[in-house]
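Taking it in order: structure first as structure tokens, then the write-up.
All chains are named by letter (A, B, ...) in the order of the sequence lines, taking the proteins before the strands, and each is independently numbered beginning at 1.
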Amino acid sequence: MGFGKYDPQQIEDKWQERWTESRCFEVEVDASRPKYYVLEMFPYPSGKIHMGHVRNYSIGDVVARYKRMRGFNVLHPMGWDAFGLPAENAAIKNKTHPAAWTYANIADMRTQLKRLGYSYDWRRELATCRPEYYKWEQQFFLRLLEKGLVYRKNSPVNWCEGCNTVLANEQVEEGKCWRCDGEVEQKQLEQWFLKITAYAEDLIDDLKLLDGCWPERVITMQQNWIGKSVGAQLKFQFKGADEYIEVFTTRPDTLCGATFMSLAAEHPLVEKLIKGRPEAEKVRAFCRDVANMDRIKRGAEDLEKEGVFTGAYCVNPLTGRDMPIHVANFVLMGYGTGAVMAVPAHDQRDFEFARKYDLPMQVVIQPKGETLDISTMTQAYADPGVLANSGQFDGQDNSAAKGAIIDFLAQNNLAKPTVNYRLRDWGVSRQRFWGAPIPVVHCEKCGTVPVPDAQLPVRLPEDAQVREDGRSPLPMLESFVNTACPKCGGPAKRETDTMDTFMESSWYFMRYTSARKEDGPFDAEALKYWMPVDQYIGGIEHAILHLLYSRFYVKALRDCGYTELSEPFQNLLTQGMVLKDGAKMSKSKGNVVDPNSMIGRYGADATRLFILFASPPEKDLEWSDAGIEGAYRFLNRVWRLAEELADAGALKPIGPVASLSDLGGELAGPARDLRRKEHDTVRRVTRDMENKFQFNTVIAALMELVNEMYSLKDGLKGTPQGAAVLSSALSTVLTLLSPVTPHLCEELWGCMGHKEHLATLSWPGYDESALVLDEIELVVQVNGKVRGRLMVPADADQEAVRQFAMTHENVLRNLEGKSIRKLIVVPGKLVNVVAG
RNA sequence: GCCGGGGUGGCGAAGCUGGUAAACGCGGCGGACUUAAAAUCCGCUACCGGGAACGGUUCGCGGGUUCAAGUCCCGCCCCCGGCACCA
């Protein structure tokens with residue numbers, strides 16, 4: 001007899017085949033059933049899956065399998081984020097084509113994912129580099145263009161020399177390229193932008209809908225990134241001219257303290273102001289220096305505040321005083337209007353600047369119970385207070401004065417309430433080849449003309465030869481560039497920039513709902529049924545990038561009539577990194593653990609088990625070779641347990657949490673103990689599954705049950721009732737463990753004589769009455785310290801508990817010479833004797 | 001500076017509504033089996049003292065509330081992440 005050695009490879013191949021044959025993970029819209037859409041961030045097809053993928057997809061697979069067992073119609077798809085720079089680099093290196101490299105990688109990675117036994121509906125697989133996919137993206141681009149949400153403008157942009165392309169603001173991290181880590185420079189270029197700023201308020205506001213469903217830190221990061229600030233736009237008249245300069249301020253209450261004006265070096269009015277003045281040359285030189293500084297140095301916190309007087313003045317609309325106009329190196333052209341009213345007494349930057357250049361200062365906010373004196377101040381006072389030196393507004397609370405001053409100035413059209421955002425529009429054109437072509441042509445006569453829908457997709461020429469220098473071959477590719485203007489029919493040139501790859505990942509989750517549809521991007525019914533994604537899972541590195549773009553994109557598509565949805569991802573789980581020796585795995589550190597070799601050695605089940613057991617999903621996980629050994633050992637333990645029961649003739653086709661009647665009546669002793677543990681395990685595992693997907697404690701609970709079975713099996717396997725109880729417990733182990741290690745569980749489940757697949761079984765419930773204990777361990781404390789434990793009847797009342805406690809020798813010893821003041825009884829748990 | 005997360009054995013970690021701190025795993029130690037080793041099974045393992053019974057100490061630090069605090073409140077230290085001259 002015997003099952004033979006636990007052979008993961010053989011079992012895993014077998015069950016992967018069976019699942020495919022039975023098509024049990026393929027789903028369709030079914031309005032009669034509740035749906036659940038679980039999605040993991042799709043991978044870039046780099047060629048190899050890494051442990052981060054394994055973790056991400058294992059978490060997702062447990063969720064999918066669990067929800068399926070809970071009766072949900074579960075959509076769980078997989079695909080490929082297939083456009084991107086590495087394909088071009090690889091193509092140059094290996095003298096191949098990006099498409100060939102990408103498709104080969106997809107094939108490899110698909111095989112690797114299949115080896116891990118993930119329960120995907122593979123029919124929905126998509127690759128974003130296929131024209132059938134990006135055709136719709138081009139269509140969206142045109143709709144957004146029509147709506148005015150896409151525009152083209154010549155502006156300074158982030159240029160990465162390493163990648164030979166521009167980057168969006170979100171893709172620059174500490175002055176470096178998010179992908180290649182190369183220095184990012186500023187360049188003036190004609191670029192396509194998506195008007196994400198039009199949705200700034202929506203994006204902030206709808207974060208409320210995600211409260212409690214998304215990790216707080218992701219929500220805060222998005223809030224920070226969007227950077228909303230409420231204030232007013234104020235107009236200052238130039239001295240001796242009927243012209244005005246506008247500033248944005250969050251502190252209109254401090255207007256009377258505004259003693260000078262600071263402009264950004266790039267401010268268009270600078271040249272106008274200095275024209276013909278003696279200061280002109282000096283100011284120009286200063287502006288040139290500032291503008292030529294690199295981004296990082298200019299943005300540095302410790303940059304010395306410097307400036308230069310333009311010779312011009314404007315007038316404070318409340319005080320009527322002259323305000324000298326300066327150019328200052330810390331004023332940014334990109335925020336607000338590029339001009340700042342300087343209130344040195346109440347703004348630290350202005351304070352430092354004024355002290356340095358000996359400019360006038362005026363206190364206009366006095367804190368309660370204190371009087372500030374400008375001559376003794378060592379820093380600006382930016383906190384709340386009461387207005388002073390502000391004429392008719394004196395004595396008002398500063399928060400109330402904000403509105404009052406805006407209202408007052410608004411009468412003369414000198415102020416209006418304004419909200420400013422830090423968020424900038426999303427630059428989406430890339431000077432790269434391996435991306436979706438932007439569907440417009442440039443005609444000498446008609447200008448920029450959108451490609452008509454009927455001509456979509458604008459195909460990326462897959463036969464184009466990549467260039468050695470890494471630059472896009474498209475501009476030189478005449479067969480691509482030269483075309484006819486859709487409007488006038490005359491000769492025209494195609495746009496050769498391609499779209500940012502984040503454009504593809506901003507809607508793929510919607511395409512999965514009808515991935516094969518040919519006559520439109522989405523099937524309306526499927527989209528409505530499946531969306532939103534109920535549980536999205538991925539790395540924290542996309543807290544801003546992908547997650548912000550997707551939120552925006554869905555709102556924009558909503559406003560184009562494609563969907564009614566506002567938020568794509570109902571719940572978000574950001575999994576922690578997989579570390580080795582305390583550091584992120586990387587080739588350069590030489591600490592990479594290859595999932596394939598782990599699967600080869602221990603099997604997919606053990607790999608999944610370890611990665612889910614070692615740490616809760618959100619936390620970083622330290623890879624441990626000894627740890628995966630332990631996981632493998634546990635699976636062997638389960639295997640041998642089943643084998644031993646089979647050999648003893650004690651393995652019965654009894655389902656999980658069998659009823660007492662199925663077990664042949666009332667139980668006593670070890671049989672009852674085991675059944676209690678079994679039911680309690682169902683309780684704990686279900687609770688931990690539901691509560692934040694705490695798979696590590698789910699697995700720990702199942703290990704405990706298996707340990708209990710080991711210690712009780714010898715006394716139980718000899719009797720029919722004992723065998724039944726053991727079999728029920730084993731069924732429970734296999735059922736509850738099946739989302740984690742599905743292959744092994746299916747195999748042993750079959751060995752038990754069960755007919756249906758575990759994958760399609762329902763999640764078990766537990767019987768409250770099975771948890772009842774006759775006796776409990778009573779902990780006795782004296783003054784809060786544990787002094788004894790004893791077994792007492794579970795239903796003992798207060799008085800009985802007191803009596804029992806007083807029989808305990810050690811308790812009595814600790815009470816010697818003391819009188820009992822109070823007795824606190826926590827039913828079923830402990831008693832605390834307060835004595836003194 | 002602002003915001004968010006975290007600090008528990010030798011290690012990864014548990015700890016529910018305030019009620020036995022350290023479940024589960026790794027590592028270590030001891031035993032059984034074996035000619036031997038591996039594998040497996042059983043036991044011990046927070047720290048200090050003690051042969052043991054038992055006692056003391058312990059959840060970053062210091063206070064507080066409470067019969068009782070890892071858990072609640074106040075102050076502080078350290079680590080990780082995000083934003084940062086944003087007017």
With respect to the phosphate group of B:rG15, does any side-chain polar atom (N or O) of A:Gln694 fall under 4.0 Å of OP1 or OP2?
yes
What's the closest nucleotide to the A:Glu704 side chain, out of B:rA13, B:rC24, B:rA87?
B:rC24
More 5' along RNA chain B: A:Tyr421 or A:Gly784, using each one's nearest nucleotide?
A:Gly784
Could you check whether A:Asn832 gets within reach of a base, just the sugar-phosphate, or nothing at all, counting any heavy atom under 4.0 Å?
base
Counting any heavy atom closer than 4.0 Å, what does A:Glu352 reach on the DNA or RNA strands: base, sugar-phosphate only, or nothing?
nothing
Whole-angstrom distance between B:rA69 and B:rG18, as gauged at atom C1':
7 Å
Please measure how far the C1' atom in B:rU65 lies from the corresponding atom in B:rC16, and state the result in whole Å.
22 Å
Scan nucleotides 49-56 of chain B nucleotide by nucleotide, 5' to 3', and note B when protein non-hydrogen atoms come under 4.0 Å of the base, S if they reach only the sugar-phosphate, - if neither.
-----SSS
Between B:rC42, B:rA87, B:rC26, which nucleotide gets closest to the side-chain atoms of A:Val340?
B:rA87
Please check the phosphate of B:rG12 (OP1 and OP2 only) for any side-chain N or O of A:Ser624 closer than 4.0 Å.
no
Strictly below 4.0 Å: does A:Asn707 bring a side-chain N or O up to OP1 or OP2 of B:rG25?
yes
Considering only the P atoms, how many Å lie between B:rA38 and B:rU45, rounded to the nearest integer?
24 Å
Is A:Asn636 touching bases, backbone alone, or none of the nucleic acid, heavy atoms closer than 4.0 Å?
nothing
Rounded to whole angstrom, note down the P distance from B:rA36 over to B:rA32.
11 Å
Using OP1 and OP2 only, check whether a side-chain N or O of A:Arg683 sits under 4.0 Å from B:rC16.
no
Output yes when at least one side-chain N/O atom of A:Asn783 is less than 4.0 Å from OP1 or OP2 of B:rA68, else no.
no
Which heavy atom of A:Glu306 sits nearest a heavy atom of A:Tyr357, and at what distance?
CA-OH, 3.3 Å
Any idea which of B:rA23, B:rC86, B:rG82 is nearest the A:Ala700 side chain?
B:rA23
Duplex segments of RNA chain B, taken as runs of at least three Watson-Crick or G-U pairs that stay under 3.5 Å
B:1-7 with B:77-83, B:10-12 with B:24-26, B:27-32 with B:40-45, B:46-49 with B:54-57, B:60-64 with B:72-76
Please state whether the phosphate of B:rG27, meaning OP1 or OP2, lies under 4.0 angstrom from any side-chain nitrogen or oxygen of A:Arg633.
yes
Given the structure, check if the side chain of A:Asn224 and the base of B:rC83 hold any donor-acceptor pair shorter than 3.5 Å.
no
Would A:Phe353 and A:Phe330 count as a close aromatic pair, with their ring centres under 6.0 Å?
yes
Which nucleotide, B:rA14, B:rG19, B:rC24, lies nearest any side-chain atom of A:Met703?
B:rC24
Closest to the side chain of A:Leu830, out of B:rC67, B:rG19, B:rC85, is B:rG19
Does OP1 or OP2 of B:rC67 have a side-chain N or O of A:Lys822 closer than 4.0 Å?
yes
Please compare A:Pro616 and A:Gln781 by the position of their nearest nucleotide in RNA chain B and report the one closer to 5'.
A:Pro616
Expressed in angstrom and rounded to an integer, what is the separation of A:Gln222 atom CD from B:rC3 atom C1'?
15 Å
If you look at every strand shown and take non-hydrogen atoms under 4.0 Å, does A:Arg640 touch a base, only sugar-phosphate, or nothing?
sugar-phosphate
Go through B:rC67, B:rC85, B:rA14 for me and flag the one nearest to the A:Lys305 side chain.
B:rC85
To the nearest 0.5 Å, atom CG of A:Leu730 lies from atom CD of A:Glu678 at 9.5 Å
When you compare the side chains of A:Thr197 and A:Asp425, does any donor N or O come within less than 3.5 Å of an acceptor on the partner?
yes
Rounded distance in Å between the C1' positions of B:rG81 and B:rG28:
35 Å
Under 4.0 Å between any heavy atoms, over every strand shown, what does A:Gly630 touch: base, sugar-phosphate, or nothing? Just pick one.
sugar-phosphate
Hey, does A:Arg687 reach any base, or is it just sugar-phosphate, or nothing, if we go heavy atoms under 4.0 Å?
base
How far does the P atom of B:rC33 sit from the matching atom of B:rC54, given to the nearest Å?
32 Å
Once you apply a heavy-atom cut-off of 4.0 Å, does A:Asn691 come out as touching a base, just sugar-phosphate, or nothing?
nothing
Are A:Arg637 and B:rC41 close enough that a side-chain N or O sits under 4.0 Å from OP1 or OP2?
yes
Base of B:rC83, side chain of A:Arg422 - is there a donor-acceptor contact under 3.5 Å?
no
Could you check whether A:Thr697 gets within reach of a base, just the sugar-phosphate, or nothing at all, counting any heavy atom under 4.0 Å?
sugar-phosphate
Output the single nucleotide from B:rG4, B:rG12, B:rC26 whose closest atom is nearest the side chain of A:Phe613.
B:rG12
Using whole Å, what does the distance between atom P of nucleotide B:rC26 and atom CD1 of A:Ile628 come to?
13 Å
